[in-house]
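Single-structure report; data block below.
All heavy atoms count here, side chains included; hydrogens, waters and symmetry mates do not. Chain letters run A, B, ... following the sequence lines, proteins first, then strands; residues in each count from 1. All values derive from a computational prediction rather than experimental measurement.
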Number of protein chains: 2
Amino acid sequence: MKEASEDLETRFHKLMEKLKEHQFRFTPQRIAVLRALVFSDIHPSVEDVFHQVREQFPTTSIATVYKTVALLKDLGEILELGFPDMSNRYDARKPYPHPHVICLRCRKIIDPELERVPELEREIRHKTGFLILSHRVDFFGICPECQQSESL
Amino acid sequence: MKEASEDLETRFHKLMEKLKEHQFRFTPQRIAVLRALVFSDIHPSVEDVFHQVREQFPTTSIATVYKTVALLKDLGEILELGFPDMSNRYDARKPYPHPHVICLRCRKIIDPELERVPELEREIRHKTGFLILSHRVDFFGICPECQQSESL
DNA sequence: TCTCAACAGAAAATCATTATCATGTAGAAT
DNA sequence: ATTCTACATGATAATGATTTTCTGTTGAGA
Ligand SMILES: [Mn+2]
Ligand SMILES: [Mn+2]
Ligand SMILES: [Zn+2]
Ligand SMILES: [Zn+2]
């Protein structure tokens with residue numbers, strides 16, 4: 001896992017490139033939002049990013065964070081995970097659909113390695129005739145850490 | 001598929017039973033909401049149910065529909081499908097987690113027959129150590145009907 | 001340095017959902 | 001059938017995450 005943080009730098013620069021391509025400006029706040037999004041490993045909420053950015057730029061408005069996230073959504077460079085009972089969470093590292101595992105206790109969200117989703121998609125296509133464009137595969141439960149602390 | 005509508009009657013009466021067990025009252029509005037929920041085949045929104053119920057009881061408030069849906073949620077007799085960009089949809093026929101296929105054009109939601117989800121869950125358990133309690137498996141795309149009308 | 005469209009920040013608007021509360025009524029007791 | 005009352009309805013207000021609006025500011029090209 002030595003290369004993980006290098007990958008994050010790469011990803012960050014990919015996003016900067018994308019902004020340049022589309023002639024969006026590089027403001028300090030925008031760059032800080034990108035950094036916070038890419039370098040967070042918790043699938044952060046807008047609020048999470050907001051707090052992170054505020055440490056460096058205390059006058060930042062939460063609207064600015066929302067706007068940058070919307071921008072990335074338009075560019076297809078961020079995956080939005082909406083929930084009925086909590087605020088949206090974001091994955092700017094992997095903007096394409098992929099499965100998630102969510103701890104109901106500590107709200108941690110992780111990316112599991114799963115090979116079976118494409119098969120599932122093929123099965124759906126075959127059985128329903130739908131043209132499938134994206135998906136959302138989430139499992140909810142209790143993470144190993146929370147299972148420990150629960151059994152006290 | 002002859003028995004499908006009979007199953008719906010059965011399901012409806014199951015819900016009525018459940019209300020009786022828990023000593024909730026049988027009001028005309030509440031019964032109409034149950035009917036609308038069970039007999040709709042589109043995974044209706046609260047608004048959908050509201051309009052349906054209004055045809056029979058024009059003074060019904062949308063708050064009443066929300067409250068009955070909340071009641072069924074508490075009883076574990078309805079499945080809530082939340083979306084970030086549209087209002088919640090409900091399945092009162094199958095209150096347990098199951099996969100869905102959603103048309104992005106006409107917003108139709110169907111229940112596909114899939115066998116692979118339990119395997120997926122086992123894979124998750126094994127790879128992450130999570131205790132899995134529920135899931136959400138949605139595929140988004142274009143239904144066969146909308147594919148037809150799109151290619152004009 | 002100058003210019004100006006794009007941006008940041010503050011505040012208001014939106015919208016689905018939930019909460020509040022006065023009035024009405026289901027259903028049990030009389 | 002009548003009465004009683006706890007629960008339900010319906011109208012309205014509150015909520016909270018997100019979006020929009022507006023005004024002053026600024027990134028970046030000329
Ligand atoms: Mn992810
Ligand atoms: Mn369903
Ligand atoms: Zn946990
Ligand atoms: Zn369709």
Side-chain angles (χ1 to χ4, degrees), chain A residues 15-37 43-75 78-90 107, chain B residues 15-37 43-75 78-90 107:
Chain A
L15 293 182
M16 294 288 276
E17 282 294 310
K18 203 78 178 243
L19 289 195
K20 183 179 281 179
E21 277 175 36
H22 290 260
Q23 317 195 53
F24 291 113
R25 291 180 183 169
F26 290 175
T27 68
Q29 294 88 341
R30 193 171 269 171
I31 295 170
V33 169
L34 292 192
R35 292 204 103 85
L37 283 169
H43 294 77
S45 66
V46 163
E47 197 100 8
D48 292 333
V49 172
F50 177 57
H51 290 315
Q52 180 69 36
V53 169
R54 276 234 155 177
E55 294 187 7
Q56 199 179 354
F57 301 99
T59 67
T60 307
S61 163
I62 197 164
T64 299
V65 181
Y66 273 107
K67 284 167 188 163
T68 300
V69 167
L71 186 58
L72 292 174
K73 257 195 290 180
D74 290 344
L75 295 174
I78 196 167
L79 182 68
E80 183 176 58
L81 302 176
F83 300 92
D85 55 344
M86 60 172 172
S87 45
N88 293 353
R89 307 280 291 264
Y90 296 90
R107 315 239 122 171
Chain B
L15 293 182
M16 295 288 277
E17 282 294 310
K18 203 77 179 244
L19 288 194
K20 183 179 282 180
E21 276 174 39
H22 290 261
Q23 317 195 51
F24 291 113
R25 291 180 183 167
F26 289 176
T27 68
Q29 295 88 338
R30 194 171 267 171
I31 295 170
V33 169
L34 291 192
R35 291 206 103 85
L37 282 167
H43 294 77
S45 66
V46 163
E47 197 99 9
D48 292 333
V49 172
F50 177 57
H51 290 316
Q52 180 69 36
V53 170
R54 276 234 155 177
E55 293 186 8
Q56 200 180 353
F57 302 100
T59 67
T60 306
S61 163
I62 198 165
T64 299
V65 181
Y66 272 107
K67 283 166 189 161
T68 300
V69 166
L71 186 58
L72 292 174
K73 257 195 288 180
D74 289 345
L75 295 174
I78 196 168
L79 181 68
E80 183 176 59
L81 301 175
F83 299 93
D85 55 344
M86 60 171 171
S87 45
N88 292 353
R89 307 281 291 263
Y90 295 90
R107 315 239 121 169

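If you measure from atom CZ of F50(B) to atom P of dA16(C), you get 13 Å, rounded to the nearest angstrom. Separating the CE atom of M86(A) from the P atom of dA17(D) is a distance of 12 Å, rounded to the nearest angstrom. Atom CD1 in I31(A) sits about 15 Å away from atom P in dT26(D), given to the nearest Å. Spacing between atom CD of Q23(A) and atom C1' of dG27(D) amounts to 13 Å, rounded to whole angstrom units. Straight-line distance from the NE2 atom of H22(B) to the C1' atom of dA6(D): 19 Å, rounded to whole Å. Rounded to an integer number of Å, the gap from K67(B) NZ to dG10(D) C1' is 7 Å. The distance between atom CG of L19(B) and atom C1' of dA8(D), rounded to the nearest whole Å, is 12 Å. Separating the CG atom of D85(B) from the C1' atom of dT19(D) is a distance of 14 Å, rounded to the nearest angstrom.
Of the candidate nucleotides dC7(C), dT20(D), dT17(C), dT17(C) has the atom lying nearest to any side-chain atom of N88(B). Among the nucleotides dT9(D), dA17(D), dT18(C), the one closest to any side-chain atom of Y66(B) is dT18(C).
With Q29(A) as the partner, the side-chain contact (heavy atoms from CB on, under 4.5 Å) test is satisfied by one option alone out of L34(A), T68(A), T60(A): T60(A).
When the nearest nucleotides of DNA chain D are assigned to R54(B) and F24(B) by heavy-atom distance, the more 5′-ward of the two goes with F24(B). Comparing F26(B) and A70(B), the nucleotide of DNA chain C nearest to each residue sits closer to the 5' end for A70(B).
Phosphate proximity of dG9(C) to Q29(A): present, with a side-chain N or O under 4.0 Å from OP1 or OP2. Within the 4.0 Å cut-off from OP1 or OP2 of dG9(C), at least one side-chain nitrogen or oxygen of T59(A) is found. The phosphate of dG10(D) (OP1 or OP2) has a side-chain N or O of T64(B) nearer than 4.0 angstrom. Under 4.0 angstrom from either OP1 or OP2 of dC7(C) there lies no side-chain N or O belonging to T27(A). At dT9(D), none of the side-chain N or O atoms of S61(B) fall inside 4.0 Å of OP1 or OP2 (strictly under the cut-off).
No N or O donor and acceptor, one from the side chain of K73(A) and one from the base of dT18(D), sit under 3.5 Å apart. No donor-acceptor contact under 3.5 Å links the side chain of R25(A) to the base of dC7(C).
Using modelled atom types, one side-chain atom of R89(B) and one backbone atom of R107(B) make a donor-acceptor pair closer than 3.5 Å.
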